[in-house]
Amino acid sequence: MERISMQQLVRWKDKKRRKPLIIHGARQVGKTWLMKEFGKRYFEQTVYISFDNNERMKHVFEADFDLSRILSSLKIESGQRIEPQKTLLIFDEIQEVPKALTSLKYFCENAPEYPILAAGPLLGTALHEGTSFPVGKVDFLNLYPLSFQEFVLACQEEDLASMLEHPDYRIINTFSSKYTELLRRYYYVGGMPEAVQVYLDTDDVQEVREVQKGLLTYYANDFSKHAPLQTVPRLQMVWNSILMQLSKENRKFMYGILREGARAKDFELAIQWLLDCGLIHKAYRIAKPGLPLISYMEMSSFKIYLLDVGLLSAMGDLDARTLLEGNRIFQEFKGALTEQYIAQELTASGIELYYYSAENSSGEIDFMVQKDGRVVPMEVKAEENLQAKSLQAFCKKYHPEIAVRTSMSDYREQDWMVNVPLYALAGYFRNSMTHFCKF
């Protein structure tokens, strides 16, 4: 399956002032495949080194930062030649050897002719433990589960996927039924590469669910293997509560759901660990829609989303029929899935997550997007319910230039807002936003 990040790697390869690149993302989102596939396509040879349980490499980097000695050792370890510009060096699980992470500084300064990709799903947690980091000497790329556009592409719907990149809404509206069907399937399958591949190979949703359940168990086992021992029980409590938190009407994270009398300071480290590993996304409340949004962020009020919508539906044991046919029993939870989907799409597009709610008010705006010098309020609807009372009240009060409602309904512009189909939302924010409010 094709990943949009491949083109980002190509641009990195061609940069004149190229630095070693660190790819960050949760386990099992496809980092290793992406690095190896990139090397196969664009370099004469690739030297892949995994630092996981690799005592030889630990000794190599513990000695000193003599790059000639290190390169010679890498040749011996891999059994391959290493040539400037022609050989891609891949350092996987780099957090296991902190000195290897530090060495990227010296490769950047003294041997930039050697292109290096590094990855480490637990890199963020290693930094909190005091690992020396080559500040300013590396570039970064965040990798997430397949976006909806990548899922459509994987389903061999190249033309439909291309239309999402540069939307022509007349054409998108014409094929709305196809997009809607694909999006419902995406809610079930999600974007974890293994789950998507099983779906493509077998068309068996039960096998997809088994893969997702396995991934959830895998992540839970990671807690006890890699997290500080005293943090593990609280990690599990936060992880297991995500579904309940998102099933609430306002989705705000409530410590009281974890246990009676729970306080923020008891769970801050657990939440940060999950963030550092890329397993969750966090959306902060803002009290005022001013620029920049971060200036009005409230650290104590937030929502937590999972890394993948398919994994969230697996947590809830939602069967394919419920999602694809729109079983009324799960109308509220379908709203949670939709909000989870939007959080993923915005995050994958490089947009920070915020939401708005006024003090002592039930009115809430699901997402606030800062884009092109504007603050854009956005209300999320799971189906074609076109009521947007909270958004309308917000617009009357603050008069934003652009207001967005996203739903299963077709693209349309109204006097005071634009309705963007859920499946086309990422492309809308990637391209020039249109339509100015007339409030």
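Remember, it's a predicted structure, so these values are computed and weren't measured experimentally.
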Check against side chain to side chain donor-acceptor pair (under 3.5 Å), E352 and Q370
CA-CA 8 Å; E352 297 291 331; Q370 181 175 322; over 6 Å; no
R18/Q85 under side chain to side chain donor-acceptor pair (under 3.5 Å): CA gap, chis, key distance, verdict:
CA-CA 11 Å; R18 182 183 59 212; Q85 308 296 353; 3.0 Å; yes
Using the rule given for side chain to side chain donor-acceptor pair (under 3.5 Å), can you reason through K252 versus N250, listing the C-alpha separation, both sets of side-chain angles and the distance that settles it, and then say yes or no?
CA-CA 6 Å; K252 178 185 174 183; N250 66 1; over 6 Å; no
If you apply the rule side-chain contact (heavy atoms from CB on, under 4.5 Å), what do you find for L293 with Y284, and how did you get there?
CA-CA 10 Å; L293 286 177; Y284 288 100; over 6 Å; no
Going through the checks in order, is the salt bridge (charged side-chain N to carboxylate O under 4.0 Å, His left out) test met by K75 and E83?
CA-CA 10 Å; K75 289 179 185 177; E83 299 181 74; over 6 Å; no
I would like to know whether K213 and D317 meet salt bridge (charged side-chain N to carboxylate O under 4.0 Å, His left out); could you show each step before the answer?
CA-CA 9 Å; K213 289 289 189 178; D317 286 319; 2.5 Å; yes
Step-by-step side chain to side chain donor-acceptor pair (under 3.5 Å) determination, Q45 to T87:
CA-CA 5 Å; Q45 62 264 347; T87 303; 2.4 Å; yes
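At least one side-chain heavy atom of R185 sits less than 4.5 Å from a side-chain heavy atom of Y199. Under the 4.5 Å side-chain criterion, counting only non-hydrogen atoms from C-beta, I70 is in contact with L74. Counting only heavy atoms from C-beta outward, the side chains of V376 and F429 approach each other to under 4.5 Å. C155 places a side-chain heavy atom less than 4.5 Å from the side chain of L182. Contact check for I116 versus L104: side-chain heavy atoms found under the 4.5 Å cut-off. Between I294 and Y354 the shortest side-chain heavy-atom distance falls below 4.5 Å. Side-chain contact between L337 and L318 is present, with heavy atoms from C-beta onward closer than 4.5 Å. Using a 4.5 Å heavy-atom cutoff, the side chains of R259 and F267 are in contact.
Salt bridge annotation for K381-E379: present, with a cationic side-chain nitrogen under 4.0 angstrom from a carboxylate oxygen.
For N53, the CG atom is loosely surrounded, since the number of other residues' heavy atoms within 6.0 Å does not exceed 12. Residue D159 places its CG atom among 12 or fewer non-hydrogen atoms of other residues, nucleotides or ligands, all under 6.0 Å distant. Heavy atoms from other residues, nucleotides or ligands lying under 6.0 Å from OH of Y48 number more than 12. By the 6.0 Å contact criterion, NZ on K40 is open, its count of non-hydrogen atoms from other residues, nucleotides or ligands being 12 or less.
Of the possible donor and acceptor atoms, one in the side chain of S147 sits under 3.5 Å from a partner among the backbone N and O of E150. Judged purely by atom type and a 3.5 angstrom limit, Q245 uses its side chain to pair as donor or acceptor with the backbone of M254. D319 places no side-chain N or O within 3.5 Å of a backbone atom of Q206 that could act as its donor or acceptor partner. Within the 3.5 Å criterion, the main-chain N or O of F148 finds a donor-acceptor partner in the side chain of E345. Proximity of a side-chain donor or acceptor of R69 to a complementary backbone N or O of V60 within less than 3.5 Å is detected. When atom types are taken as modelled, the side chain of D308 and the backbone of G310 share a donor-acceptor pair closer than 3.5 angstrom. A donor-acceptor distance shorter than 3.5 angstrom exists from the side chain of Q212 to the backbone of Y188, with no hydrogens or angles considered. R285 contributes a side-chain N or O that, together with a main-chain N or O of S357, makes up a donor-acceptor pair within less than 3.5 Å. When atom types are taken as modelled, the side chain of K31 and the backbone of G25 share a donor-acceptor pair closer than 3.5 angstrom. With S295 contributing its side chain and L291 its backbone, the two residues share no donor-acceptor pair below 3.5 Å.
A donor and an acceptor atom, one from each side chain of R430 and Q149, are located under 3.5 Å apart. Inspection of the Q340 and Q344 side chains reveals an N or O donor paired with an N or O acceptor under 3.5 Å.
For the side chain to side chain donor-acceptor pair (under 3.5 Å) test with D139, the passing option among K19, R17, K15 is K15; the others fail. Residue V369 forms a side-chain contact (heavy atoms from CB on, under 4.5 Å) with just one option from I402, L353, I351, V404, and that option is I351.
Atom-to-atom distance recorded for L274:CG and H281:NE2 is 12.0 Å, nearest 0.5 angstrom. Between atom CG of residue L422 and atom CZ of residue R184 there is a gap of 10.0 Å, rounded to the nearest 0.5 Å. The CG atom of L141 sits 9.5 Å away from atom CZ of R11, with the distance rounded to the nearest 0.5 Å. Atoms CD1 and CG, on I4 and L153 in that order, are 7.5 Å from each other to the nearest 0.5 Å. Here R41 contributes atom CZ and K36 contributes atom NZ; the two are 15.0 Å apart, rounded to the nearest 0.5 Å. In this structure, OG in S78 is found 11.5 Å from CD1 in I90, a value given to the nearest 0.5 Å.
A195 approaches V208 most closely through the heavy-atom pair O-CG2, 3.8 Å. When every heavy atom of I242 is checked against every heavy atom of L312, the shortest pair comes out as CG2-CD1, 4.5 Å. Contact between F61 and S103 at its shortest, heavy atoms only, is CE2-OG, 3.4 Å. Closest non-hydrogen pair, E364 versus S390, comes out as O-CB, 3.5 Å. Contact detail for A26 and G278: the closest heavy-atom pair is CB-O, 3.6 Å. Taking every heavy atom of both residues into account, L258 and S241 meet most closely at CD2-OG, 3.2 Å.
Ring geometry, Y411 versus Y169: the interplanar angle falls under 30°, so the pair is classed parallel (tilted spans 30 to 60°). In this pair, Y255 and F253 present their aromatic rings perpendicular. The plane angle is above 60°, beyond the 30 to 60° band. Using the six-membered ring where Trp is involved, Y186 and Y341 have ring planes that are perpendicular, over 60° apart on the 30 and 60° scheme.
For F43 and F38, the gap between ring centers is short of 6.0 Å.
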Name the atoms and distances for all side-chain donor-acceptor pairs under 3.5 Å in residues 227-238, with sequence neighbours left out.
| from | atom 1 | to | atom 2 | distance (Å) |
| --- | --- | --- | --- | --- |
| R234 | NH1 | D266 | O | 3.1 |

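Residues passing the side-chain contact (heavy atoms from CB on, under 4.5 Å) test with P289 are Y356, M368, V375, F394, Y398, sequence neighbours excluded. With sequence neighbours left out, the salt bridge (Lys or Arg N to Asp or Glu O under 4.0 Å) criterion links E207 to no other residue.
The side-chain tip of R3 does not point at the ring of Y144 from less than 6.0 angstrom away and within 45° of straight on. A cation-pi arrangement is not found for K58 relative to F51, the charged atom failing to lie both closer than 6.0 Å to the ring centre and inside a 45° cone about the ring normal.
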